[in-house]
Amino acid sequence: GNSVTQMEGPVTLSEEAFLTINCTYTATGYPSLFWYVQYPGEGLQLLLKATKADDKGSNKGFEATYRKETTSFHLEKGSVQVSDSAVYFCAPPNFNKFYFGSGTKLNVKP
Amino acid sequence: KAGVTQTPRYLIKTRGQQVTLSCSPISGHRSVSWYQQTPGQGLQFLFEYFSETQRNKGNFPGRFSGRQFSNSRSEMNVSTLELGDSALYLCASSPTSGPTGELFFGEGSRLTVL
């Protein structure tokens, strides 16, 4: 069946380092994929999304491309900041929008 | 456009009490879903209401209930509180029901049960 697999964390990086959080999918067709972010003490918010194959979502310096060749939707950022420390969710893990995985916690050190 | 509003933001209860949490969705959104987030279990789906009807339900005991009003505002209630109910409760709104689409989350209500 349809599924999304996200790398486990935590991920610890130094400020200005390059970030990749892996997310791969198995699906029939190309359902929409999302990256949500949850900053400490807050609810989730949509970071970016892609609705079809080869779509590229981008926001706040983050990018993710919906790649059909590699069935991936990896999240990338060229230079992370301390303020990017948060939990990132590639969703939905079973293509049902109400269900989330445990996310990947990112810690960025100054 | 105002976002999703949850009240109260913080509350403390004791075991055996009950609690009611409120969620006002984005204007025009008819779907409201509720989640429990704990460090050990992550983000777990409680239920979804659409046009005053429960459309989807997660795997929680009957102590957890909800309702939705005609203006799409929703409340969830937890009766006979247990220590394990301490969590961040999030609600999210969406313009449509069903398994696809984007969710818009509130800031959450943090419940502590003593």
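To find a chain, count down the sequence lines: A is the first, B the second, and so on, and within it residues start at 1. Heavy-atom basis, side chains included; hydrogens, waters and symmetry copies ignored.
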Does CZ in B:R15 sit with more than 12 non-hydrogen atoms of other residues, nucleotides or ligands closer than 6.0 Å?
-> no
Which atoms of B:S109 come close to chain A, meaning under 4.5 Å heavy atom to heavy atom: side chain ones, backbone ones, both, or neither?
-> neither
Do other residues, nucleotides or ligands put more than 12 heavy atoms under 6.0 Å from A:E15 CD?
-> yes
Any link between A:V4 and A:F89 through a network of hydrophobic side chains (Ile, Leu, Val, Met, Phe, Trp, Tyr) touching at under 4.5 Å?
-> no
Turns out that what part of A:L46 lies under 4.5 Å from chain B's heavy atoms comes down to side chain
Count the heavy atoms belonging to other residues, nucleotides or ligands that lie under 6.0 Å from CG of B:N59, then report whether that count exceeds 12.
-> no
B:F64-B:L11 co-clustered via ILVMFWY side chain contacts under 4.5 Å = yes
Rounded to the nearest 0.5 Å, the CG atom of A:L44 sits from the CG atom of B:L103 at a distance of 9.0 Å
Counting heavy-atom pairs under 4.5 Å to chain A, which of B:G101, B:G42, B:G106 comes out on top?
-> B:G101
Joint cluster assignment, B:Y35 & B:V32, ILVMFWY side-chain distance < 4.5 Å | no
How far apart are the C-alpha atoms of A:K97 and B:S94, what are their side-chain angles, what is the distance that settles it, and do they pass the side-chain hydrogen bond (donor to acceptor under 3.5 Å, both in side chains) test?
-> CA-CA 10 Å; A:K97 72 186 185 190; B:S94 176; 3.1 Å; yes
Compare all side-chain heavy atoms of A:E42 with those of B:L88 and state whether any distance is below 4.5 angstrom.
-> no
Taking the inter-plane angle between the rings of A:Y36 and B:F105 on a 0 to 90° scale, is it parallel (under 30°), tilted (30 to 60°) or perpendicular (over 60°)?
-> perpendicular
Are A:Y99 and A:V37 connected in a single hydrophobic cluster, I mean Ile/Leu/Val/Met/Phe/Trp/Tyr linked by side-chain heavy atoms less than 4.5 Å apart?
-> no
Whatever's closer than 4.5 Å to a heavy atom in chain A on B:L43 counts as both
B:F104 versus chain A, the contacting section by heavy-atom distance below 4.5 Å | neither
Would you mind checking which part of B:E48 comes under 4.5 Å of any heavy atom in chain A, side chain (CB onward), backbone (N, CA, C, O), both or neither?
-> side chain
Which is it for B:F45 and A:F100 under the side chain to side chain contact (heavy atoms under 4.5 Å, CB included) test, yes or no, and what are the steps along the way?
-> CA-CA 8 Å; B:F45 171 65; A:F100 290 79; over 6 Å; no
Part of B:Q37 within contact of chain A (heavy atom distance under 4.5 Å) | side chain
Heavy-atom check, side chain of A:F98 versus side chain of B:F47, under 4.5 Å | no
With the 4.5 Å side-chain cut-off for hydrophobic clustering, are B:V19 and B:L83 part of the same group?
-> yes
